[in-house]
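Report on the structure given below.
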Amino acid sequence: MPSLKMPPTAASSDLPHAERGRLRALIVALAPRVARWYRSPLSWRIAIGLLAAAAAVGWRMVITGESGGHLYLTFHLPLLVASFVGGAASGVTALLVIVAVIQFWVAPVDGLDDALAFAAFLTTDAFIIIVGEAFQRTLTHVDNLETLRAMERLAAQNARLVEQFGNVALAAPGVVFSFRLDTGGFSSCPYLAENVRNVFGVAPEEICDNAAPMLRRIHGDDAERMRASFARSAAQMTLLREEFRYDHPSKGTIWLETQAQPVRQADGSTVWHGYAQDVTERRREEAARLAAERALEQRIVELERVNERLARFAYVASHDLQEPLRKIVAFSQMLDAAVASSDQKDISYASEVMRGSALRARELVEDLLVYSRIVEAPLKLQRRNLRVEIQSALADLSELIEESDADVSLDAPCVEFEADPPQFARLMHNLVSNAIKFRRQGETPRIAIHGHVEDSVLRLSVSDDGVGFEAKYASAIFEPFKRLHSKAEYPGTGIGLAICKTIADRHGWTLTARSQPLQGATFEVTMRLPS
């Protein structure tokens, strides 16, 4: 019966491939270690050769114990190890030591047979050394290939990461950057995202090697602070976070915010890796919000002051109004009795008193309305010429000045100031008319209006030579309806100076008074002039 031959199985055909794969894996695993030995310093490789030679001598003594039989065979294994581990330098060192040991101790060459055997030994060992060197170089080449492939894979991965990071940096509203500052103060930008064209208004290549063109655009008021922040961050290795003004080529002055983490380099320089973005709009919104908050706070303070004045004013006004009203009520009863008795004298007297009280009440109500309008009316500030405005106010008082034959002198500079024109005119009217009213009996009133500017502060004074008042009343005279003289001697409601004080306070000015009895009075307004 003919024999049947089975075809080789797939497993048996794959076996050599599997063996080759395992061998390759073993070589790849051993290659890095052997390659490190091969690249080790020459002294280390010579030390391996010396150790191998010592092992050879010891091996000879253990195997044979004497100089007979297999003289040279016992030296091949240590020499093989030295050559394959330490390379040619290690193998030659071991061979030289072994040859010396053989020649001077084990079996000196004696005769042709020994010479031929010794030559065969040297030839064999030279072949071993050459093969070991080739083995070393092969493993080194394999290690280099693996290292090269690993570096190529790492480079490809880095390229992908850089591309992905670049896409992310390009999509960000700001710019990602690296800023380098060496020990000599020279600056550069090793890395810049393309957004630097929009944020800083410069091309990356313009500041890549020298960042001076960008640094020169930092606002002069912020440049020194930025230098100090970079120095502090470099010294302490702390996060840099700053906002600064920047002169953008197309946008003008903008606000930039930057955050960067410093990293010390081996050469002593510092590299900041960070992010910068335009925060101009945010700064504007914050400034607008702060301005609104300040305006609201100022308005609240003003309203509280107004409410306090109105409450005090209402209290005083109610008491002052009660006096003419009481007289009207009392003399109306007297008038009824006089009419019933047909007493013309009492009728005339009661009518006259009631008419005077009614006029007094009307005057108080009118002054109350004026005061309330001054307190509540919104200020409409305008820039005006000080001297022109004072002359206009004096022109409105020309009739009163002529009637009283007053001597009014004006010595005020032609400077611009901010005020609500109607309210400033009323302030001047009240101060000048007050100076005319409180003149000394039988004397011509002399009024001096003087103004001078010092450190952008204007001091405007109205002085007279009238009756004056005691210094202790310098604050009380600004209270509504506060009177230091009798109505018969100096008529009026006592609200004129209160209106002046309110006008000054609403403008942010300071109104003060100083005087001595019979030595006149001086009222001074202090205001800060606009820049």
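Since this is a predicted model, take the numbers as computed values, not measurements.
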What do the steps show when you test Leu529 against Leu386 for side chain to side chain contact (heavy atoms under 4.5 Å, CB included), and what is the final call?
CA-CA 11 Å; Leu529 297 179; Leu386 176 67; over 6 Å; no
Around [X], counting heavy atoms of other residues, nucleotides and ligands shown, do more than 12 lie under 6.0 Å from its [atom1]?
X	atom1	value
Tyr349	OH	no
Arg225	CZ	yes
Glu293	CD	yes
Asp267	CG	yes
Gln298	CD	no
Glu352	CD	no

If you compare all heavy atoms of [X] against all heavy atoms of [Y], which two are closest, and at what distance to 0.1 Å?
X	Y	result
Asn430	Cys500	CB-SG, 3.2 Å
Glu416	Pro530	O-CD, 3.6 Å
Pro190	Ser178	CD-O, 3.1 Å
Ile447	Val432	CD1-O, 3.9 Å
Ser233	Leu239	OG-C, 4.4 Å
Asn385	Cys414	ND2-CB, 3.7 Å

Any donor-acceptor N/O pair, [X] side chain to [Y] backbone, under 3.5 Å:
X	Y	answer
Arg387	Ala412	yes
Asp420	Lys380	yes
Arg440	Leu518	yes
Thr502	Ala498	yes
Ser348	Gln344	no
Ser515	Gly520	yes
Thr280	Trp255	yes
His248	Asn198	yes
Arg217	Met214	no
Gln259	Glu257	no

Do the charged groups of [X] and [Y] touch, with an N to O distance under 4.0 Å?
X	Y	value
Arg289	Glu285	no
Arg227	Glu224	yes
Glu454	Arg459	no

Would you say the side chain of [Y] lies within less than 4.5 Å of the side chain of [X], judging by non-hydrogen atoms?
X	Y	value
Leu497	Leu431	yes
Arg514	Glu524	yes
Phe200	Phe177	no
Asp247	Arg216	no
Met354	Ser332	yes
Val196	Ile207	yes
Val462	Met428	yes
Asp505	Lys501	yes

Nearest 0.5 Å please: distance from the [atom1] atom of [X] over to the [atom2] atom of [Y].
X	Y	atom1	atom2	result
Leu192	Arg197	CG	CZ	10.0 Å
Arg245	Asp221	CZ	CG	5.0 Å
Arg283	Asp278	CZ	CG	11.5 Å
Leu256	Met226	CG	CE	9.0 Å
Ser456	Met527	OG	CE	13.5 Å
Asp222	Tyr246	CG	OH	13.5 Å

Going by atom types alone, do Ser269 and Arg180 pair a side-chain donor with an acceptor below 3.5 Å?
yes
With under 30° as parallel and over 60° as perpendicular, where do the rings of Trp272 and Phe179 fit, or are they tilted in between?
tilted
Working note: His507 + Leu427, criterion side chain to side chain contact (heavy atoms under 4.5 Å, CB included); need CA distance, chi angles, decisive distance, verdict.
CA-CA 12 Å; His507 283 78; Leu427 171 68; over 6 Å; no
Derivation of the ring pair (Phe, Tyr, Trp, His ring centres under 6.0 Å) call for Phe417 and Phe424
CA-CA 11 Å; Phe417 74 114; Phe424 179 76; 4.9 Å; yes
Test side chain to side chain contact (heavy atoms under 4.5 Å, CB included) applied to Thr510 and Thr512, step by step
CA-CA 7 Å; Thr510 301; Thr512 57; 3.9 Å; yes
Run the side chain to side chain contact (heavy atoms under 4.5 Å, CB included) check on Ile347 and Ser351 step by step: do they pass?
CA-CA 6 Å; Ile347 292 175; Ser351 298; 4.2 Å; yes
